[in-house]
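Below you'll find the structure, written out as structure tokens, and then a few comments.
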Amino acid sequence: MSIIVQKFGGTSVGTTDRMKRMVSHVIKEREKGHDVIVVVSAMNKTTDTLVRLAGELSAKPCKREMDMLLSTGEQVTISLLTMALQQRGLESVSLTGRQAGIQTNGVFGNAKITSINTDRIKSELSKGRIVVVAGFQGITDIGEVTTLGRGGSDTTAAALAAALKADRCDIYTDVDGVYTSDPRIVPQVAKIDTLSYDEMLRLAAMGAGVLHPRAIKHAKEHLVPLVVCSSMDEGLGTVISEGTQRKARILGIAFQKDISVIKIHDCRGGESLILYDLDSHHIETEIIKFNDTLILIVKDKDFREVKRIVGQYNQAYSSVEEKESLSKISVIGRINSHEGKENVTNIFHDCHIAKELIWESPAGISALVDRSDVEKAARILHMHFGLDSVESMRAVL
Ligand code: ADP
Ligand code: ASP
Ligand code: MG
């Protein structure tokens with residue numbers, strides 16, 4: 001039997017009316033004879049609201065309790081969506097991450113899926129049921145509830161699709177595909193019809209928030225095609241699979257708004273100690289080395305913790321410089337690093353955008369800019385690297 005995994009994001013299940021509309025996507029696949037597993041996010045901004053509530057009670061809420069709290073959002077959606085399916089006469093059952101057999105490591109707030117026991121899901125499918133699974137959550141081997149990091153429902157969907165050898169994993173969202181940049185910020189974007197896993201991974205890892213980076217890794221490992229499409233309109237969306245390679249040199253412009261930087265000068269002896277400590281605290285940083293300066297590009301949410309860790313090794317460097325309220329912007333694609341850096345530097349200079357740092361990585365060229373400049377920088381780089389869509393250029397002429 002062929003299996004399709006469908007994932008509905010927060011906006012797609014944001015109201016009960018929207019949930020009713022999502023039922024038609026499930027029916028469409030059932031009518032084609034597929035078994036269907038649906039993975040859902042919390043409704044609309046529920047997760048943000050829960051984070052805010054926690055902040056009203058504690059300046060530094062316990063990570064275990066945060067996961068206990070945040071996992072409730074998805075649980076509301078699974079039961080409501082299942083009711084909507086049942087109302088349309090479809091046999092269906094909701095499962096939490098634990099009930100769906102999703103095992104994770106114990107890193108609260110950013111847990112990784114370590115294995116999936118698919119017995120329960122397969123048993124429900126064999127009874128002819130549609131299975132609705134809570135995204136973004138799992139369980140550790142000692143029974144603790146974990147969450148997979150913001151946006152992690154995509155990862156639940158892709159990991160289930162991989163474990164069940166699904167034919168496809170459809171990510172229904174509020175845009176109709178992957179674009180050359182965030183369409184909400186850069187109006188001239190062009191839609192990308194096909195991408196390889198590696199290309200999508202580069203975009204997502206550098207900030208294209210339409211897909212959780214780990215979702216792509218799971219799909220790639222088991223060669224499950226991912227399709228990003230709109231939950232509101234019909235359309236082919238963007239297909240992400242192994243076979244498709246784009247010929248264009250530059251794929252897109254991605255950015256991460258909430259970035260800070262820590263520069264550790266004359267860091268000769270302490271580097272490995274600091275990096276080891278960060279790793280053992282499961283803190284993900286981008287690391288750049290310029291001569292004897294170790295530069296850590298850090299998400300705002302980790303900034304204080306990284307500062308604390310770096311401070312412990314103050315015998316091993318001469319000084320530390322830090323800057324908050326930055327954003328990282330990246331030109332993604334195959335690009336000559338010297339030429340690329342020079343181009344970006346000149347463009348920023350001409351457009352009066354001050355840059356804090358510029359560097360190359362396997363994904364392309366990245367720079368740190370002031371947070372207030374990042375949206376403007378994205379639009380400018382998009383145009384200068386020839387990514388503006390033909391339609392948008394026609395509209396201007
Ligand atoms: P969901 O709640 O469905 O998971 P997300 O908000 O996580 O939706 O992801 C969809 C959003 O991703 C879009 O609304 C868009 O603003 C943003 N986005 C960022 N980069 C891109 C891109 N390159 N292509 C498409 N959307 C993007
Ligand atoms: N509800 C979670 C979040 O808002 C997970 C997700 O939507 O994928 O981050
Ligand atoms: Mg998302």
Side-chain angles (χ1 to χ4, degrees), residues 6-14 18 22 25 38-52 66-67 69-78 97 109-111 133-138 146-159 169-193 195 199-216 226-232 235 237-238 240 250-257 301 327 329-333 374-375 378 381-382 387 389:
Q6 300 181 319
K7 182 255 168 176
F8 300 133
T11 338
S12 313
V13 290
R18 293 224 160 149
M22 293 312 107
H25 294 298
V38 181
V39 174
V40 291
S41 293
M43 293 170 73
N44 260 335
K45 301 281 175 208
T46 299
T47 312
D48 292 342
T49 306
L50 294 172
V51 171
R52 211 169 34 246
M66 277 309 282
D67 277 10
L69 175 69
L70 298 192
S71 64
T72 60
E74 273 66 15
Q75 213 164 313
V76 171
T77 321
I78 50 171
N110 196 18
V133 180
F136 175 57
Q137 58 177 259
T146 52
T147 65
L148 309 181
R150 297 303 305 268
S153 297
D154 297 334
T155 294
T156 306
C169 177
D170 294 339
I171 307 285
Y172 286 90
T173 183
D174 56 4
V175 283
D176 62 354
V178 179
Y179 282 81
T180 46
S181 193
D182 186 339
R184 296 194 195 288
I185 308 296
V186 182
Q188 308 88 337
V189 285
K191 196 172 135 223
I192 308 174
D193 293 330
L195 281 163
E199 288 168 337
M200 186 65 228
L201 195 51
R202 276 179 221 135
L203 284 169
M206 291 296 167
V210 65
L211 267 184
H212 197 238
R214 270 190 228 139
I216 306 151
L226 291 171
V227 181
V228 176
C229 53
S230 163
S231 54
M232 297 303 159
T238 297
I240 299 143
I250 309 295
L251 277 175
I253 309 296
F255 49 88
Q256 282 173 301
K257 286 190 171 172
K301 72 174 176 59
S327 294
I329 183 153
S330 307
V331 182
I332 315 288
V374 67
E375 297 190 359
L381 289 180
H382 197 272
L387 293 166
S389 74

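One-based numbering, in listed order, for ligands and for the atoms of each. All values below were derived from every heavy atom in this structure, side-chain atoms included, with hydrogens, water molecules and symmetry-related copies excluded.
For the residue pair D67 and T147, a side-chain donor N or O sits within less than 3.5 Å of a side-chain acceptor on the partner. Residues T180 and H382 bring a donor and an acceptor atom of their side chains to less than 3.5 Å of each other.
For the pair L226/K7, no side-chain contact is recorded, criterion being any heavy-atom separation below 4.5 Å from C-beta on. Under the 4.5 Å side-chain criterion, counting only non-hydrogen atoms from C-beta, F255 is in contact with S181. Between F136 and L70 the shortest side-chain heavy-atom distance falls below 4.5 Å. At a threshold of 4.5 Å between non-hydrogen side-chain atoms, the residues I253 and V186 do not count as touching. With a 4.5 Å cut-off on side-chain heavy atoms, Q256 and S327 do not count as touching. Between E199 and V178, every side-chain heavy-atom pair lies at or beyond the 4.5 Å cut-off.
Ligand-side atoms of ligand 1 in range of A208: 20 (N), 23 (N), range being under 4.0 angstrom from any heavy atom. Interface atoms of ligand 1 facing V178, defined by a heavy-atom separation under 4.0 Å, are 24 (N). Heavy-atom contacts of Y179 reach the following atoms of ligand 1: 22 (C), 23 (N), 24 (N), 25 (C) (cutoff under 4.0 Å). Listed by number with element, the atoms of ligand 1 under 4.0 Å from a non-hydrogen atom of G10 are 2 (O). Contact atoms of ligand 1 toward D174: 10 (C), 11 (C), 13 (C), 14 (O) (distance under 4.0 Å to a heavy atom of the residue). Of all atoms in ligand 1, numbered sequentially from 1 with element shown, those under 4.0 Å from a heavy atom of T173 are 1 (P), 3 (O), 8 (O), 9 (O), 10 (C).
Atom 21 (C) of ligand 1 has its closest protein heavy atom at D182 CA, 3.7 Å. Scanning the protein heavy atoms around atom 4 (O) of ligand 1, the nearest turns out to be K7 NZ, 3.0 Å.
The shortest heavy-atom distance from H212 to ligand 1 is not under 4.0 Å. Residue contacts with ligand 1 include G177, since one of its heavy atoms falls under 4.0 Å from the ligand. Using a non-hydrogen distance threshold of 4.0 Å, G209 registers as a contact of ligand 1. Distances shorter than 4.0 angstrom do not occur between any heavy atom of S12 and any atom of ligand 1. Under the 4.0 angstrom criterion for non-hydrogen atoms, S41 is not in contact with ligand 1.
Expressed to the nearest 0.5 Å, how far NE2 of H25 lies from OG of S231 amounts to 5.5 Å. T49 OG1 to N44 CG: the interatomic distance, rounded to the nearest 0.5 Å, is 9.0 Å. In this structure, CD1 in I332 is found 5.5 Å from CE in M206, a value given to the nearest 0.5 Å. Taking CE of M200 as the reference point, atom CD1 of I192 lies at 8.0 Å (rounded to 0.5 Å).
The immediate protein surroundings of ligand 2, defined as residues with any heavy atom under 4.0 Å of it, consist of S41, A42, T47, E74, F136, R150, G151, G152, S153.
The nearest non-hydrogen atom to atom 22 (C) of ligand 1, considering only A157, S153, S181, comes from S181.
With respect to L211, the side-chain contact (heavy atoms from CB on, under 4.5 Å) criterion is satisfied by exactly one of V228, T155, L201, L203: V228.
Put simply, atom 16 (O) of ligand 1 has protein non-hydrogen atoms near it, under 4.0 Å away.
Among the atoms of T11, none of the N or O lies under 3.5 angstrom from an N or O of ligand 1. In terms of N/O distances under 3.5 Å, ligand 1 is not approached by V175.
Residues forming a salt bridge (Lys or Arg N to Asp or Glu O under 4.0 Å) with R202 (at least two apart in sequence, or on another chain): none.
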